[in-house]
Undergrad: 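My questions will all concern the structure given below.
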Amino acid sequence: MISRVDATDKAKELLAQLKETHGDLMLYQAGGCCEGTQPQCFVKDGYYLRTNDVCIGEVDGVEFWVDKDLFEYWKNAHFTLDVIDGFGAGGFSLEIPLGKTFRIDYRLFTAEELENLVPVKRNEV
C-alpha cells in the first residue's frame with residue numbers, strides 16, 4: 001500500500017525532539033488562509049478536530065490530520081513533511097519557539113498509486 005504522507009529526516013528529527021519535550025504529538029493542516037499554509041504541530045488531542053477531518057497517515061507515530069475540505073482538494077496528492085529555519089504563519093505550532101517551521105511539499109499520485117493508497121481515517125465525533 002502507498003502512504004499518503006512521509007517526512008524528511010530533518011522533519012523526523014524535529015518531531016523526535018518535540019516528543020521528548022511535549023510527549024505524544026499530532027500534526028494538523030487547516031484549510032484556512034494563514035494557518036492553512038503550513039502544518040501545525042500540537043500536543044496529541046491539543047487541537048479540536050472537526051467532524052470528518054481526515055487522518056492521512058502517521059509520521060514516526062505522529063498522526064497527520066487534514067481539514068476535511070482541504071483533503072477533498074488534495075486527496076490525489078502525496079504530502080512530504082519538511083522543516084525550514086524561520087517563523088511561519090502558525091504561531092501556535094510547537095516548533096515555532098525553536099525558530100523552525102514545518103512545511104509540506106506536494107506531488108500528485110500516479111494512476112497506479114491511486115489504486116493502492118492506504119485508507120484514510122475520518123474523525124467521526
Side-chain angles (χ1 to χ4, degrees):
M1 304 273 335
I2 305 297
S3 173
R4 293 175 178 271
V5 63
D6 198 1
T8 64
D9 289 340
K10 284 176 59 175
K12 290 177 183 180
E13 289 169 12
L14 183 55
L15 284 173
Q17 180 183 355
L18 292 171
K19 280 189 215 178
E20 279 186 32
T21 304
H22 301 284
D24 290 337
L25 304 173
M26 67 182 288
L27 292 159
Y28 188 83
Q29 186 145 357
C33 64
C34 299
E35 76 280 1
T37 59
Q38 69 190 62
Q40 303 283 302
C41 184
F42 300 103
V43 172
K44 186 173 177 77
D45 299 323
Y47 183 83
Y48 181 74
L49 296 171
R50 297 180 317 152
T51 300
N52 288 323
D53 279 349
V54 179
C55 180
I56 60 170
E58 293 185 6
V59 175
D60 286 355
V62 178
E63 290 183 332
F64 194 113
W65 288 87
V66 177
D67 170 85
K68 63 184 178 182
D69 298 322
L70 185 66
F71 176 74
E72 289 305 314
Y73 187 78
W74 286 105
K75 66 184 173 187
N76 295 321
H78 181 271
F79 288 46
T80 300
L81 181 69
D82 198 4
V83 64
I84 57 174
D85 292 330
F87 295 99
F92 299 110
S93 195
L94 294 174
E95 79 280 3
I96 296 300
L98 302 175
K100 307 286 183 186
T101 298
F102 284 114
R103 72 178 194 136
I104 291 292
D105 290 317
Y106 303 96
R107 71 166 178 82
L108 293 178
F109 288 116
T110 65
E112 296 81 24
E113 289 174 322
L114 284 171
E115 295 177 12
N116 242 343
L117 292 175
V118 172
V120 297
K121 172 174 76 173
R122 292 194 180 262
N123 184 45
E124 297 181 5
V125 177

Undergrad: Could you grab the distance from atom CH2 of Trp65 to atom OH of Tyr47, nearest 0.5 Å is fine?
TA: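 So the gap between those two atoms works out to 12.0 Å.
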
Undergrad: Ignoring hydrogens, what is the shortest heavy-atom contact between Val5 and Ser3? Give both atom names and the distance.
TA: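 What the structure gives for the nearest pair is O-OG, 2.6 Å.
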
Undergrad: In Å, rounded to the nearest 0.5 Å, how long is the span from CD1 of Ile104 to NE2 of His78?
TA: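 Reported to 0.5 Å precision, the distance equals 9.5 Å.
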
Undergrad: Quick one, Thr8 and Asp105 - any side-chain contact, counting heavy atoms below 4.5 Å?
TA: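 Thr8 does not reach Asp105 side chain to side chain.
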
Undergrad: Give the cluster check for Leu49 versus Phe92: same hydrophobic cluster or not, with ILVMFWY residues linked at side-chain heavy-atom distances below 4.5 Å.
TA: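 Both belong to a single hydrophobic cluster.
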
Undergrad: I want to check something: taking the side chain as every heavy atom from C-beta on, are Gln17 and Lys100 in contact at a cut-off of under 4.5 Å?
TA: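 Heavy-atom side-chain distance check fails, nothing below 4.5 Å.
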
Undergrad: Give the cluster check for Val120 versus Phe64: same hydrophobic cluster or not, with ILVMFWY residues linked at side-chain heavy-atom distances below 4.5 Å.
TA: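 Yes, because Val120 and Phe64 connect within a single hydrophobic cluster, where side-chain heavy atoms sit under 4.5 Å apart.
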
Undergrad: How close do Thr51 and Lys68 get, heavy atom to heavy atom, and via which atoms?
TA: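 Closest heavy-atom pair between Thr51 and Lys68: O-CD, 3.3 Å.
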
Undergrad: Which salt bridge (Lys or Arg N to Asp or Glu O under 4.0 Å) pairs, counting each pair once, include a residue from residues 106-115, with sequence neighbours left out?
TA: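 Sorted pair list: Arg107-Glu113.
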
Undergrad: Are Val59 and Leu70 joined in one hydrophobic group, where the rule is that I, L, V, M, F, W and Y side chains link up if heavy atoms are under 4.5 Å apart?
TA: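 Yes, it is one cluster - the side chains of Val59 and Leu70 are joined through contacts under 4.5 Å.
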
Undergrad: Hey, what do you get for CG (Asn52) to CZ (Phe71), rounding to the nearest 0.5 Å?
TA: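 It comes to 11.0 Å.
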
Undergrad: Enumerate the residue pairs fulfilling salt bridge (Lys or Arg N to Asp or Glu O under 4.0 Å) with a member in residues 72-84, sequence neighbours excluded, ordered by first and then second residue.
TA: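 Non-adjacent pairs meeting salt bridge (Lys or Arg N to Asp or Glu O under 4.0 Å): Glu72-Lys75, Glu72-Arg122, Asp82-Arg103.
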
Undergrad: What is the distance from atom CG of Asp24 to atom CG of Leu18, rounded to the nearest 0.5 Å?
TA: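 Going from the CG atom of Asp24 to the CG atom of Leu18 covers 12.5 Å.
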
Undergrad: Quick one, Ile56 and Gln29 - any side-chain contact, counting heavy atoms below 4.5 Å?
TA: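 No, side chains not in contact.
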
Undergrad: Rounded to the nearest 0.5 Å, what separates atom OG1 in Thr21 from atom CG in Leu94?
TA: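 The CG atom of Leu94 is 9.0 Å from OG1 of Thr21, to the nearest 0.5 Å.
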
Undergrad: Would you call Leu81 and Leu15 a side-chain contact if the rule is heavy atoms closer than 4.5 Å?
TA: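 Side-chain contact under 4.5 Å: yes.
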
Undergrad: State yes or no: do Tyr73 and Leu117 share one hydrophobic cluster built from I, L, V, M, F, W and Y residues joined by side-chain heavy-atom distances below 4.5 Å, directly or via other members?
TA: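 Different clusters: Tyr73 never reaches Leu117 through Ile, Leu, Val, Met, Phe, Trp or Tyr contacts under 4.5 Å.
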
Undergrad: Taking salt bridge (charged side-chain N to carboxylate O under 4.0 Å, His left out) as the test, write out the residues that go with Asp9, two or more places apart.
TA: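 In terms of salt bridge (charged side-chain N to carboxylate O under 4.0 Å, His left out), with neighbours along the sequence ignored, Asp9 is linked to no residue.
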
Undergrad: Going by salt bridge (charged side-chain N to carboxylate O under 4.0 Å, His left out), name the residues that satisfy it together with Lys10, two or more places apart in sequence or in a different chain.
TA: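 Partners of Lys10 under the salt bridge (charged side-chain N to carboxylate O under 4.0 Å, His left out) test: none.
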
Undergrad: Okay, side chain of Ser93, backbone of Cys41: is any donor-acceptor separation there less than 3.5 Å?
TA: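 Checking the backbone N and O of Cys41 against the side chain of Ser93, a donor-acceptor pair under 3.5 Å is found.
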
Undergrad: Side chains of Phe42 and Met26: does their closest heavy-atom pair fall under 4.5 Å?
TA: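 The answer is yes, as the side chains (C-beta and beyond) meet within the 4.5 Å cut-off.
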
Undergrad: Any non-hydrogen side-chain atom of Leu27 less than 4.5 Å from a side-chain atom of Phe79?
TA: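 Not touching, per the 4.5 Å side-chain cut-off.
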
Undergrad: Rounded to the nearest 0.5 Å, what separates atom CZ in Phe102 from atom CD1 in Ile96?
TA: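 Rounded to the nearest 0.5 Å, the CZ-CD1 separation comes out at 9.5 Å.
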
Undergrad: Got a sec, which pairs hit salt bridge (Lys or Arg N to Asp or Glu O under 4.0 Å) with one end in residues 38-55, sequence neighbours left out?
TA: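 Every pair satisfying salt bridge (Lys or Arg N to Asp or Glu O under 4.0 Å) with a residue in residues 38-55: Lys44-Glu63, Arg50-Asp53, Arg50-Asp67, Arg50-Asp69.
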
Undergrad: Indicate the ring-plane relationship of Tyr106 and Trp74, choosing parallel, tilted or perpendicular according to the 30° and 60° boundaries.
TA: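 The arrangement is parallel - the two ring planes meet at less than 30°.
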
Undergrad: Other hydrophobic cluster members with Val118, side-chain heavy atoms of Ile/Leu/Val/Met/Phe/Trp/Tyr under 4.5 Å, chained?
TA: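 Once heavy-atom contacts under 4.5 Å are chained together, Val118 belongs with Met1.
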
Undergrad: Same cluster or not: are Leu114 and Val66 linked, directly or through other Ile, Leu, Val, Met, Phe, Trp or Tyr residues, by side-chain heavy atoms under 4.5 angstrom apart?
TA: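 Not linked; separate clusters.
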
